[in-house]
Amino acid sequence: MNCSGVLLPLANTTAEAFRRVPLSSTTGIRRKSFYSTRNSLVVEAVEGQASPDNPAESVARRLILLRHAHSSWENRSLRDHDRPLSKSGQADAVKVSHKLQQLGWIPELILSSDALRTRETLKIMQEQVRGFLEAKVHFISSFYSIAAMDGQTAEHLQQAICKYSKDDILTVMCMGHNRGWEEAASALSGASIELKTCNAALLEATGKSWEEAFSLAGFGGWKLQAVVKPD
């Protein structure tokens with residue numbers, strides 16, 4: 001799939017005892033009740049469940065834009081692409097992984113720059129939280145270079161997400177660099193967002209697919225839920 005160019009009770013047999021089926025508050029799914037005369041059953045139908053007569057409705061799609069943890073400048077002979085994390089960066093990666101876990105923002109798909117400091121950030125997060133280890137990962141070399149190009153990162157991320165993500169994936173994390181990650185978070189949300197090292201912007205939009213979510217939200221339409229920081 002490619003979206004380039006788009007910018008964007010139950011009842012028992014008595015009427016007095018019935019219970020509601022809990023649903024996620026973030027899916028935008030609505031309920032309606034209907035009644036059957038047989039045994040006076042009250043049945044709660046769920047609007048939004050996929051069926052031949054009731055096609056799937058839009059659902060919340062969550063995007064994590066995470067800047068890599070702080071890197072070391074100790075060895076000046078290394079290429080920028082090959083700089084490792086500093087000790088403080090390693091500690092921050094541990095903290096942020098647990099904060100994302102506490103918030104319930106665990107990605108099913110991770111798209112990451114292939115720079116060493118980004119790989120090391122992800123490795124630490126995978127060691128700390130099993131959910132990050134279970135996510136599918138793609139390392140994308142262009143994430144390193146695109147971040148240095150003014151105003152191009154948001155659209156590039158959109159294209160990558162639409163390429164690698166399936167519609168049943170609801171949470172995607174993109175890991176990369178400034179200044180592009182700050183620019184992308186700000187452009188998508190319409191807010192001025194600062195992403196220091198190991199900061200993550202949590203964005204949300206709705207759609208039946210990732211393509212539709214980007215198309216409907218466009219630039220400025222993604223809701224900023226939080227900026228997660230190590231401290």
Side-chain angles (χ1 to χ4, degrees), residues 1-4 6 8 24 26-27 50 56 58-69 81 84-85 89-90 92-147 153-177 180-181 184-185 188 195 198-217 222-223 225-226 228:
M1 294 178 290
N2 192 330
C3 60
S4 72
V6 179
L8 348 105
S24 169
T26 62
T27 60
S58 294
V59 295
R61 298 190 180 273
R62 304 189 300 179
L63 175 58
I64 305 168
L65 297 183
L66 174 67
R67 184 183 173 192
H68 64 80
H81 188 277
L85 293 184
Q90 294 170 4
D92 285 347
V94 171
K95 294 174 184 176
V96 165
S97 64
H98 287 295
K99 286 192 174 185
L100 289 172
Q101 181 185 41
Q102 292 166 5
L103 292 170
W105 281 65
I106 301 298
E108 300 144 275
L109 173 68
I110 299 171
L111 306 179
S112 174
S113 160
D114 63 354
L116 180 58
R117 55 191 180 274
T118 317
R119 286 178 175 269
E120 288 190 350
T121 301
L122 176 57
K123 184 175 184 293
I124 291 172
M125 296 176 76
Q126 290 174 323
E127 291 170 347
Q128 293 296 314
V129 177
R130 183 175 181 83
F132 291 103
L133 184 61
E134 293 174 343
K136 189 169 184 177
V137 178
H138 292 280
F139 290 102
I140 302 175
S141 60
S142 59
F143 276 18
Y144 174 76
S145 56
I146 198 70
T153 303
E155 185 174 1
H156 190 72
L157 293 180
Q158 173 183 331
Q159 293 169 356
I161 292 167
C162 291
K163 176 180 178 180
Y164 289 103
S165 185
K166 297 180 180 178
D167 292 345
D168 60 349
I169 291 176
L170 301 182
T171 303
V172 175
M173 181 166 74
C174 293
M175 302 178 63
H177 313 264
W181 256 241
L188 291 172
L195 292 181
C198 218
N199 284 190
L202 309 186
L203 307 175
E204 188 173 288
T206 59
K208 295 178 182 179
S209 65
W210 284 94
E211 291 94 333
E212 183 175 272
F214 278 108
S215 178
L216 293 176
W222 286 74
K223 182 177 181 181
Q225 298 289 8
V228 178

**Q** Taking everything shown except Lys223 itself, do over 12 heavy atoms lie less than 6.0 Å from its NZ?
**A** no

**Q** For Ala200 versus Ile64, what's the shortest heavy-atom pair and its separation?
**A**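 Closest approach of Ala200 to Ile64, heavy atoms only: CB-CG2, 4.0 Å.
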
**Q** Between Val228 and Trp105, is any pair of side-chain heavy atoms under 4.5 Å apart?
**A** no

**Q** Does some side-chain heavy atom of Leu157 sit less than 4.5 Å from a side-chain heavy atom of Leu63?
**A** no

**Q** Nearest 0.5 Å, what's the CG-SG distance between Leu65 and Cys174?
**A** 6.0 Å

**Q** Using 0.5 Å steps for rounding, measure from the CZ atom of Arg117 to the OH atom of Tyr144.
**A**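 It is 5.5 Å, given to the nearest 0.5 Å.
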
**Q** With side chains defined as the heavy atoms from C-beta onward, is the minimum distance between Leu170 and Arg62 less than 4.5 Å?
**A** no

**Q** Which atom names give the shortest non-hydrogen contact between Thr153 and Ile146, and what distance separates them?
**A**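 For Thr153 versus Ile146, the nearest heavy atoms are OG1-O, 3.3 Å.
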
**Q** Please answer whether the main-chain N or O of Asp167 pairs with a side-chain N or O of Arg61 as donor and acceptor at a distance below 3.5 Å.
**A** yes

**Q** Less than 4.5 Å apart, side chain to side chain, heavy atoms only: is that true for Met175 and Leu66?
**A**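 The answer is yes, as the side chains (C-beta and beyond) meet within the 4.5 Å cut-off.
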
**Q** Minimum heavy-atom separation for Val172 to Trp210, with atom names?
**A**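 Shortest heavy-atom separation between Val172 and Trp210 comes out as CG2-CZ2, 3.4 Å.
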
**Q** Of all the heavy-atom pairs spanning Leu122 and Ile110, show the shortest one and how long it is.
**A**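 Reported closest heavy-atom pair: CD1-CD1, 3.7 Å.
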
**Q** If you look at every heavy atom in Glu211 and Cys162, which pair is closest and at what distance?
**A** CG-SG, 3.9 Å

**Q** Run the side-chain hydrogen bond (donor to acceptor under 3.5 Å, both in side chains) test on His68 and Ser113 for me, step by step, so that the C-alpha distance in whole Å, both residues' side-chain angles and the decisive distance to 0.1 Å come before the verdict.
**A** CA-CA 9 Å; His68 64 80; Ser113 160; over 6 Å; no

**Q** Quick one: which of Glu134, Gln126, Glu127 gives a side chain to side chain donor-acceptor pair (under 3.5 Å) with Arg130?
**A**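 Among Glu134, Gln126, Glu127, the one that satisfies the side chain to side chain donor-acceptor pair (under 3.5 Å) with Arg130 is Glu134.
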
**Q** Keeping Gln128 on the side-chain end and Ser97 on the backbone end, is there a donor-acceptor pair under 3.5 Å?
**A**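 No; zero donor-acceptor contacts below 3.5 Å.
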
**Q** Among Asp114, Thr118, Leu116, whose side-chain contact (heavy atoms from CB on, under 4.5 Å) with His81 holds?
**A**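 Testing His81 for a side-chain contact (heavy atoms from CB on, under 4.5 Å) against Asp114, Thr118, Leu116 leaves exactly one candidate, Asp114.
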
**Q** Is the shortest heavy-atom distance from the side chain of Lys136 to the side chain of Ile169 under 4.5 Å?
**A**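 Answer no - side chains too far apart.
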
**Q** Counting only heavy atoms not in Lys123, do more than 12 sit closer than 6.0 Å to its NZ atom?
**A**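 Not buried by this count: 12 neighbours or fewer within 6.0 Å.
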
**Q** Go through the steps to decide whether Thr121 and Val96 satisfy the test side chain to side chain contact (heavy atoms under 4.5 Å, CB included), and finish with yes or no.
**A** CA-CA 10 Å; Thr121 301; Val96 165; over 6 Å; no

**Q** To check you understand the geometry: which heavy-atom pair defines the closest contact between Ala201 and Leu195, and what is its length?
**A**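 Looks like N-CD2, 3.9 Å.
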
**Q** Between Phe143 and Trp181, what is the ring plane arrangement, given parallel below 30°, perpendicular above 60°, and tilted in between?
**A**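 Ring orientation, 0 to 90° scale: perpendicular.
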
**Q** Just how far is it from atom CE of Met125 to atom CE of Met173, taken to the nearest 0.5 Å?
**A** 4.5 Å

**Q** Can you tell me how far NE2 of His98 sits from CG of Leu103, rounded to the nearest 0.5 angstrom?
**A** 13.0 Å

**Q** How far does NZ of Lys208 sit from OG of Ser215, to the nearest 0.5 angstrom?
**A** 12.5 Å

